[in-house]
Amino acid sequence: INLVGATIRATGICLPRLFGNRRFLGRTLQNPTLFILSPASTDPYDVPDLAQLYFSTPSEIVSAGRHGTIGTVLCSWDRGTSLLLRTKKEVVRVNLLQRNAPKVGACIKAVGTPISNGYHIDLSRAVWSEAKSATPFANEPTTRTSAMEILSGKDGKGKINPHYHGRVIQLKGTIKSISDDSTGKKLFVEDGSYLIPVDFSSCPNAFNGMTKDYVIAITGICVLDFENWNPGTAFPLIKGFTLVPRSDADIVILSRPPWLTRERLMAVIGGLALLLIGVLAWNRSLRILANRRGRELFRSQVGKIASELRVKERTRLAVELHDSLAQNLTGVSMEIEAAERSRKDGLEVVSQHLV
């Protein structure tokens with residue numbers, strides 16, 4: 001059963017909602033039993049105009065029930081769950097029940113539960129339908145500014161200017177990171193000493209091919225992040241802002257990062273260091289191999305030289321032995337010849353030669 005807009009009676013366990021020691025934020029019912037006293041209207045868009053609450057207190061706004069407003073869609077973010085409307089009175093932030101945000105520039109009627117942030121009245125848990133505006137809203141000129149002008153006052157101290165909410169601004173900065181998570185496609189741009197979040201869920205292809213350190217100019221809607229009003233807050237609080245581009249044309253590349261970035265330089269140095277370590281290791285292995293081969297060659301040469309020396313010594317000994325035998329045989333032959341020639345001289349002379 002669709003209970004949005006119905007009058008009910010709820011019975012359950014009543015518990016206080018305590019946040020800290022000094023803040024009391026109403027009560028909650030656990031495990032309630034619901035009784036429908038009167039059903040919801042057949043037309044969910046048949047609700048009072050949000051403009052009737054502009055002079056109400058924040059507590060009256062919270063308890064006012066469902067209201068609606070007609071406006072032009074300035075931008076959408078958070079993957080289509082949040083959008084910003086420009087109405088005849090002011091800028092209204094709308095948080096949708098589903099991810100079905102209309103196109104930028106469309107005229108719609110949004111119906112939801114009003115909430116106050118101390119500056120504006122917004123709509124939560126809203127639904128929307130197309131509408132026709134009797135007086136179309138003119139395009140707002142682009143304001144070229146910087147993060148410092150938005151996030152600090154004239155004295156340089158931290159003070160966010162609430163008048164930038166819903167305005168078309170242009171910032172210049174350097175991309176520091178790009179992410180894609182459940183909250184949407186986001187990146188952070190460094191402008192001076194500030195990191196500015198940029199939600200490009202409505203134009204997901206705007207940053208294709210871009211990486212860290214690209215210098216860009218971004219035109220988009222400035223969406224201030226308000227802390228919703230509650231009884232424990234003395235003053236309204238602005239926590240920061242998000243820049244929401246509306247189309248791919250809102251992104252202009254001013255300069256690309258040099259090829260030799262810090263990361264690439266570290267990668268090159270690391271690669272050269274690894275190469276040097278590899279060369280040293282290869283050189284050491286070659287030196288060890290060369291030493292081993294040198295010792296083997298030295299042992300081989302020593303063995304060869306020793307073998308040659310043995311052959312030479314044997315040859316010398318053989319020559320000497322051969323010469324000695326030849327001399328001895330020659331002497332014996334000469335003595336025998338002398339003995340033969342001395343036969344006429346007598347036996348005594350022959351015996352001397354034979355001895």
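Owing to the predicted nature of the structure, the values given are computational and were not obtained by experimental measurement. One-based numbering along the sequence shown.
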Sidechain-backbone polar pair: S202 side chain, P245 backbone, donor-acceptor under 3.5 Å:
yes
What are the two closest non-hydrogen atoms of I121 and E90, and how far apart are they?
N-OE2, 3.3 Å
Spell out, yes or no, whether M210 and L254 are grouped together once hydrophobic residues are joined by side-chain heavy atoms under 4.5 Å, including indirect joins.
no
Is a donor on one side and an acceptor on the other found under 3.5 Å between the side chain of T315 and the backbone of V311?
yes
Which residue pairs pass the ring-ring contact (aromatic ring centres under 6.0 Å, His included) test with at least one member in residues 103-130, sequence neighbours excluded?
Y119-F226, H120-H165, H120-F226
Side chain proximity check, N205 to D248, heavy atoms < 4.5 angstrom
yes
Residue pair I175, I216: steps toward the side-chain contact (heavy atoms from CB on, under 4.5 Å) verdict
CA-CA 8 Å; I175 297 177; I216 59 175; 3.8 Å; yes
Taken to the nearest 0.5 Å, the spacing of E130 CD from K109 NZ works out to 14.5 Å
Tell me whether D122 contacts the main-chain N or O of R93 through its side chain, where contact means a donor paired with an acceptor under 3.5 Å.
yes
Given the rule in the side-chain contact (heavy atoms from CB on, under 4.5 Å) test, do L29 and L15 qualify, once you have shown the distances and angles that lead to the verdict?
CA-CA 6 Å; L29 285 177; L15 296 176; over 6 Å; no
For I218 and V189, what are the C-alpha separation, side-chain angles and deciding distance, and is it a side-chain contact (heavy atoms from CB on, under 4.5 Å)?
CA-CA 9 Å; I218 307 177; V189 175; 3.7 Å; yes
Could you go through residues 6-13 and list every donor-acceptor pair under 3.5 Å that involves a side-chain atom there, pairing it with any protein atom two or more places apart or in another chain?
| residue | atom | partner | partner atom | Å |
| --- | --- | --- | --- | --- |
| T7 | OG1 | S38 | OG | 3.0 |

So with a 6.0 Å cut-off around CZ of R284, is the heavy-atom count from everything else above 12?
no
Closest non-hydrogen contact found for H67 with D49 is CD2-O, 3.3 Å
For T57 and S59, does a side-chain donor sit closer than 3.5 Å to a side-chain acceptor?
yes
Looking at every non-hydrogen atom in both residues, tell me the closest pair between A206 and I251 and how far apart they are.
CB-CG1, 3.9 Å
Looking at Q98, I want to see if its CD is surrounded by more than 12 non-hydrogen atoms of other residues, nucleotides or ligands under 6.0 Å.
no
Do other residues, nucleotides or ligands put more than 12 heavy atoms under 6.0 Å from F55 CZ?
no
Polar side-chain atom of N283 near backbone of V279 as donor-acceptor pair, under 3.5 Å
no
Can you run down the ring-ring contact (aromatic ring centres under 6.0 Å, His included) pairs that involve residues 273-328, sequence neighbours left out, and say none if there aren't any?
none
Side-chain contact, heavy-atom cut-off 4.5 Å: L84 with V92?
no
With sequence neighbours excluded, residues passing ring-ring contact (aromatic ring centres under 6.0 Å, His included) with F207:
F200
What is the minimum heavy-atom distance between S342 and V349, and which atoms define it?
CB-CG1, 3.6 Å
Distance-only donor-acceptor check, side chains N95 and S82, under 3.5 Å
yes
More than 12 heavy atoms of other groups within 6.0 Å of L280 CG:
yes
Distance check, rounded to the nearest 0.5 Å: R316 atom CZ versus L309 atom CG?
12.0 Å
Could you pull out the closest heavy-atom pair between D213 and T174, with the gap in Å?
CA-CG2, 3.6 Å
Given side chains that start at C-beta, do those of I150 and Y194 come closer than 4.5 Å, heavy atoms only?
no
In Å, rounded to the nearest 0.5 Å, how long is the span from CG of L53 to OG1 of T69?
10.5 Å
Look at the side chain of D323 and the backbone N and O of E320, then say whether any donor-acceptor pair between them is shorter than 3.5 Å.
no
Is there a side-chain contact between T87 and V91, using heavy atoms and a 4.5 Å cut-off?
no
Is any side-chain heavy atom of P58 closer than 4.5 Å to one of V62?
no
Would you please name every residue forming a side chain to side chain contact (heavy atoms under 4.5 Å, CB included) with E348, sequence neighbours left out?
Q352
How long is the span from the SG atom in C75 to the CZ atom in R246, to the nearest 0.5 Å?
8.5 Å
Charged N-O contact under 4.0 Å between R310 and E313
no
Is it true that a side-chain atom of S307 and a backbone atom of G303 form a donor plus acceptor pair closer than 3.5 Å?
no
Do other residues, nucleotides or ligands put more than 12 heavy atoms under 6.0 Å from the NZ atom of K176?
yes
Flag yes if more than 12 heavy atoms outside R264 fall under 6.0 Å of its CZ atom; otherwise flag no.
yes
Would you say V198 ends up clustered with F241 if hydrophobic residues are merged whenever their side chains have heavy atoms under 4.5 Å apart, either directly or through other cluster members?
yes
L96-W77 co-clustered via ILVMFWY side chain contacts under 4.5 Å:
no
Cluster question for you: counting only ILVMFWY and a side-chain heavy-atom cut-off of under 4.5 Å, with indirect links fine, are Y164 and I196 together?
yes
Given 3.5 Å as the limit, does a donor-acceptor pair link the side chain of E340 with the main chain of E335, or not?
no
In this structure, CD1 of I61 is separated from OG1 of T113 (nearest 0.5 Å) by 13.0 Å
So among D199, D180, D78, which one has a salt bridge (charged side-chain N to carboxylate O under 4.0 Å, His left out) with K185?
D180
Just how far is it from atom CZ of R66 to atom OH of Y45, taken to the nearest 0.5 Å?
9.0 Å
R86 side-chain N/O to G166 backbone N/O, donor-acceptor pair under 3.5 Å:
yes
Testing the basics here: between L224 and N161, what is the closest heavy-atom pair and its distance to 0.1 Å?
CD1-O, 3.7 Å
If hydrophobic clusters are built by linking Ile, Leu, Val, Met, Phe, Trp and Tyr wherever their side-chain heavy atoms come under 4.5 Å apart, do V127 and L85 end up in the same one?
no
Which residues share a salt bridge (charged side-chain N to carboxylate O under 4.0 Å, His left out) with E60, sequence neighbours left out:
none
Just checking, is any N or O donor in the side chain of T219 or Q170 under 3.5 Å from an acceptor N or O on the other one?
yes
So, applying side-chain contact (heavy atoms from CB on, under 4.5 Å) with L74, which one of L83, I221, V168, V104 is it?
I221
Any side-chain heavy-atom pair from P197 and K186 closer than 4.5 angstrom?
no
Given the rule in the side-chain contact (heavy atoms from CB on, under 4.5 Å) test, do I108 and I70 qualify, once you have shown the distances and angles that lead to the verdict?
CA-CA 6 Å; I108 67 169; I70 296 176; over 6 Å; no
